[in-house]
2 protein chains.
Amino acid sequence: MRDLLYLKDDQIKDFIEQIFYAYRETYSDPKKILKKYSFGTAHHRAIHLIERHEGLTVSDLLNKLKITKQSLNRVLRDLVNNKAIVLKKGEIDSRHRQIFLNERGKKLFEEIFLEQKKRIYNAFKNSDSDSVIKFKKCFKQNY
Amino acid sequence: MRDLLYLKDDQIKDFIEQIFYAYRETYSDPKKILKKYSFGTAHHRAIHLIERHEGLTVSDLLNKLKITKQSLNRVLRDLVNNKAIVLKKGEIDSRHRQIFLNERGKKLFEEIFLEQKKRIYNAFKNSDSDSVIKFKKCFKQNY
DNA sequence: AGTTTTTGGTCAGCTATATTGACATATCTA
DNA sequence: TAGATATGTCAATATAGCTGACCAAAAACT
């Protein structure tokens, strides 16, 4: 925290600009692949989080995405119809629906991830892996 | 680049997840402020880039935002009508329009930035300023 | 001087993704 | 059993992007 006092406003402003570029680039390349499945970026974000947190519930996903259940529901419906995910009744509380990728969903995720990896590797090629870890720690919130 | 070979897929996947959170949080807090001016996030992104690159041309801004000129034009028109920016003919090439924040735009930017700074400071409070610099370097592209 | 290219503005219609509000159903908890 | 919780769904609306067509001013080329 002490170190933060040395952060100049201009550095923070630049940082905000970089976050915009990072997000846009990270989620733009996979759009061609998604189109083959008739999906968009909203589906991509959901799939990514489901892969990272297999078996999470609908409300878990809502908390991570911070969108309304109506918005999410449309996305989940598309994913189910397209056989990319399956919903299973929660074992403890059967009101819950736990979300899992199935074969098709896993295949799509890997296809997308390969595409993203290319860019990330490129973005980091003049850097060191340490900064990845640090960035992650920085933005770690309660997700 | 060598270091990158040690980056595991899971770390990259986590990183992609964190970029999403970072972007969403960074651009969500200011929405209340923007609403007072009848602006949205599209206006925010434009204002941020104009502040960082005063006097940039319309096509410069298009290249940074990577949206169509029709989309950008609506945003710029709103900003001009709301007296947040001014367009001036380029001195060298008078086809160009150079974009500047005026008083109202600068005031809005500062209001937004103050809000963002709160969150960034909070996000980084368990880290060190070094990682900011590194992250910036990582995603530095041709902007 | 005349032609072509570049830069920017605008109209019209479409799509993706989000919102609010209302309401329904199944299940758990007290 | 009554109330709270988790989820699903309908309808209307807003934001911000897209494509395609067309236009004008200024610069560049020949």
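The structure presented is a predicted model; accordingly, all values stated were derived computationally and were not measured. Computed over heavy atoms, backbone and side chain alike; hydrogens, waters and symmetry mates excluded.
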Tell me the bend of the helix from C:dA1-D:dT30 to C:dA30-D:dT1 as the angle between end helix axes, each from five pairs, rounded to the nearest 10 degrees.
30°

May I ask you to evaluate whether A:Thr68 reaches the phosphate of C:dT19, defined as a side-chain N or O under 4.0 Å from OP1 or OP2?
yes

Whole angstrom value for the distance that separates P of D:dC18 from NZ of A:Lys32
15 Å

Whole angstrom is fine here: how far is it from NZ in B:Lys89 over to P in D:dA25?
9 Å

Gap separating the CD1 atom of A:Ile47 from the CG atom of A:Leu108, nearest 0.5 angstrom
4.0 Å

Salt bridge or not for B:Glu111 and B:Lys107, using N-O below 4.0 Å?
yes

Could you tell me the separation between the CG atom of A:Leu62 and the P atom of D:dT9, rounded to a whole number of Å?
14 Å

Testing C:dT10, C:dT19, D:dC18 for proximity to the side chain of B:Ser71, the answer is D:dC18

If I take atom OH in residue B:Tyr37 and atom P in nucleotide D:dT15, what distance separates them, rounded to the nearest angstrom?
18 Å

Could you check which of C:dG9, C:dC23, C:dA18 has an atom nearest any side-chain atom of A:Lys69?
C:dC23

Is any N or O donor-acceptor pair between the side chain of A:Arg74 and the base of D:dG8 shorter than 3.5 Å?
no

Measuring to OP1 and OP2 of D:dG8, would you say a side-chain N or O of A:Arg77 lies under 4.0 angstrom away?
no

Position toward the 5' end of DNA chain C (nearest nucleotide), B:Gln98 or A:Ser94
B:Gln98

Could a donor-acceptor pair under 3.5 angstrom be found where the side chain of B:Arg95 meets the base of C:dT6?
yes

Given that A:Asp93 and A:Gln70 both sit by DNA chain D, which one's nearest nucleotide is further toward the 5' end?
A:Asp93

What closest approach, in Å, do A:Arg104 and A:Lys83 show between heavy atoms, and which atom pair accounts for it?
CB-O, 3.2 Å

Atom pair distance, as rounded to whole Å: NE2 in A:His96 and P in D:dG8:
12 Å

Using the ring of A:Tyr27 (Phe, Tyr or Trp, six-membered ring only), decide whether A:Arg24 places NZ or CZ under 6.0 Å from its centre and within 45 degrees of its axis.
no

Whole Å only: how far is the CG atom of A:Asn73 from the C1' atom of C:dA18?
14 Å

Expressed as a whole number of angstroms, how long is the span from B:Leu65:CG to D:dC18:C1'?
15 Å

